[in-house]
Amino acid sequence: MLDPKLFRGNLDELAAKLLKKKYVLDKVLIQRLEEQRKALQIETETLQNERNTTSKSIGKAKAAGEDIEPLKKQVGELGDKLNASKAVLIEVQDELQDILYSVPNLPDATVPEGNDEDANVEVLRWGTPATFDFEAKDHVELAEQGNHMDFQCAAKITGSRFSVMRGSMAGLHRALTQYMLNTHIGQHGYQEVYVPYIVNADSLFGTGQLPKFADDLFKLEGEQNYYLIPTAEVPITNLVRDEILDADTLPLKFTSHTPCFRSEAGSYGKDTKGMIRQHQFEKVELVQIVAASESEETLEQLTGHAEAILQALELPYRKVVLCGGDLSFASTKTYDLEVWLPGQNAYREISSCSNFLDFQARRLQARRRNPETNKPELVHTVNGSGLAVGRTLVAVIENYQQADGSVKVPAVLQPYMGNISEINF
RNA sequence: GGAGGGGUGGCAGAGUGGCUGAAUGCACCGGUCUUGAAAACCGACGUAGGUUUGUAGCUUACCCAGGGUUCGAAUCCCUGCCCCUCCGCCA
């Protein structure tokens, strides 16, 4: 959430910034609610104060053996007025809070204008898409050889948008995961964490998935408000919820490999074939908790950590900066990494790296103690996929395919696969 | 699943329904002392919100969470969550 003080400042300026994100702020409503809130809050707190002091005087009067009945009557009347005032105040505050929770983060000044992904701006292209002297197959065609990917079976076991992988395909998938984790731990200085795959509503609120995006989540039946994680971002970032961190512990750099579960509501008909869009997929996530002054630089670094995986796998990719209209709710700036998929003859998203500034931290009450002022201040959170494993698998087999339908194993993965150099289906 | 015990400030740990936003100790911060450090001593020391030009002042809330009793709740009652101990079961 944004700093509530912004709602009391220059609303025109705020609305203009949000418009870049295609969010229309109801300035008139907010201004009216704010005026009411201010008046009601002052009234309520004044009454509260009177009641408290009068109540205390009852105690003293009683101790002095005086008649306390008149005082009790007076407090009773005060209480009635207080309750009435408080009830209206809570209504107004709730209304303001609903707005506050649903207003997206402000886009960074460097974010390009635009409505949708077509307006995203390419900032870098790495590698050259290979040209094949045969007709390139897509990953489904390749991996269904020998049933290495089996969507029929997955549909039987569960339903659509799930996959079964067998043999060397499952092995390649696991090798990718291990390689990514080891690289981030060993080369990039992240600490591996193992986290729950089921989280409560508070955690999802903290990172911004709730209350607005409940439809994208799998909710568990039962007494508790439990959900399957849509990304490791949720449990990892919530590690610091309600914490005041010592300044010298920052930056915190976490990586974790988890499954992710997404309902994909609203994506009917999109990527229905293959492993691109699944209800369940694996991801190696990168999360950094940093001081406010660091997050801009951290986003660049963290994106570089994700890029390093693509480069080591020698997969051609491009890096785009998302335009205002394509930027997610909580993000102030996002780089998408798009890998080249010969089977689709297109670049497809494989990683999304975002700076959230204090937007998540404020919801999480995640703070650090500023060593200069000795006061708590909100941290900044930055995260990204490093990378989405399923999609990386798709990219590897499509980019490393050979004329006979076999797939070469990227050099860096070979140690993780018993040093084989090729997968024959 | 059964039976008990408990959740108080960064930590430890007091707290008869009013004078307790909370004793005390430790840690942290500032200072005195010291060549420097330690020790000792002195002082400051929770978080969030409102008001205000204000890091000044005033003010509200918060002792796991949510309800309730009461003029008044950290303290009494109810519900939930979490933790601990013992028994049972179990990967």
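Comparing A:Lys38 and A:Gln93 along RNA chain B, the residue whose closest nucleotide (by nearest heavy atom) sits nearer the 5' end is A:Gln93. Projected onto RNA chain B by closest heavy-atom contact, A:Ile58 and A:Arg8 fall at different nucleotides, the more 5' of which corresponds to A:Arg8.
The ring-ring contact (aromatic ring centres under 6.0 Å, His included) pairs that include a residue from residues 352-390 of chain A are A:Phe329-A:Phe359, where partners are two or more places apart or lie in different chains. Applying the ring-ring contact (aromatic ring centres under 6.0 Å, His included) test to residues at least two apart or on different chains, none of the pairs has a partner in residues 2-47 of chain A.
The partner of B:A91, taking Watson-Crick or G-U wobble pairs whose two distances both stay under 3.5 Å, does not exist in any strand shown. In this structure, B:U51 and B:G57 make a Watson-Crick or G-U wobble pair, each of the two defining distances being under 3.5 angstrom. Base pairing annotation: B:G4 forms a Watson-Crick or G-U wobble pair with B:C84, both donor-acceptor distances under 3.5 Å. If you check B:A14 for Watson-Crick or wobble pairing at under 3.5 angstrom, you find it has no partner at all. Judged by Watson-Crick or G-U wobble contacts below 3.5 Å, the nucleotide B:C28 has no partner. In this structure, B:U70 makes no Watson-Crick or G-U wobble pair, since no nucleotide meets both defining distances under 3.5 angstrom. Across all strands shown, B:G46 forms a Watson-Crick or G-U wobble pair, both distances under 3.5 Å, with B:C62.
As rounded to the nearest Å, B:C42 and B:U24 have P atoms that lie 13 Å from one another. The same atom, P, is picked in B:A22 and in B:C81; the two are 33 Å apart, to the nearest Å. Taking atom C1' in both B:G80 and B:C41, one finds a spacing of 49 Å when rounded to whole Å. Nucleotides B:U8 and B:A74, compared at atom P, are 16 Å apart to the nearest Å. For the C1' atom pair drawn from B:G10 and B:C29, the interatomic distance equals 13 Å after rounding to whole Å. The gap from the C1' atom of B:G25 to that of B:A14 amounts to 11 Å, rounded to the nearest Å. Remark: the separation of the C1' atoms in B:G21 and B:U75 is 15 Å, to the nearest Å. B:A73 sits 15 Å from B:G66 when the P atoms are compared, rounded to a whole Å.
A:Asn49 and A:Thr46 share no side-chain donor-acceptor pair at under 3.5 Å.
No engagement by A:Asp246 is indicated, since no non-hydrogen atom pair under 4.0 Å with the nucleic acid exists. A:Arg362 comes within contact range of no nucleotide atom at all, as no heavy-atom separation falls under 4.0 Å. Residue-level contact check: A:Pro4 touches neither bases nor backbone, having no heavy atom under 4.0 Å from any strand. In this structure, A:Lys73 reaches neither bases nor backbone, as no heavy-atom distance under 4.0 Å exists between it and the strands shown.
Shown here are the side-chain hydrogen bond (donor to acceptor under 3.5 Å, both in side chains) partners of A:His173, two or more places apart in sequence or in another chain: there are none. Residues passing the side-chain hydrogen bond (donor to acceptor under 3.5 Å, both in side chains) test with A:Lys27, sequence neighbours excluded: A:Asp12. Annotation: side-chain hydrogen bond (donor to acceptor under 3.5 Å, both in side chains) contacts of A:Gln360 (sequence neighbours excluded): A:Glu233, A:Thr381.
Taking the 5' to 3' direction, RNA chain B first and last meets chain A under 4.0 angstrom from a heavy atom at B:G18 to B:G72.
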Fill in: Evaluation steps, side-chain hydrogen bond (donor to acceptor under 3.5 Å, both in side chains), between A:Gln97 and A:Gln93
CA-CA 6 Å; A:Gln97 195 175 61; A:Gln93 276 177 331; over 6 Å; no

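In this structure, A:Arg174 is not positioned above the aromatic face of A:Tyr416 in the sense of NZ or CZ being under 6.0 Å from the six-membered ring centre and within 45° of the axis.
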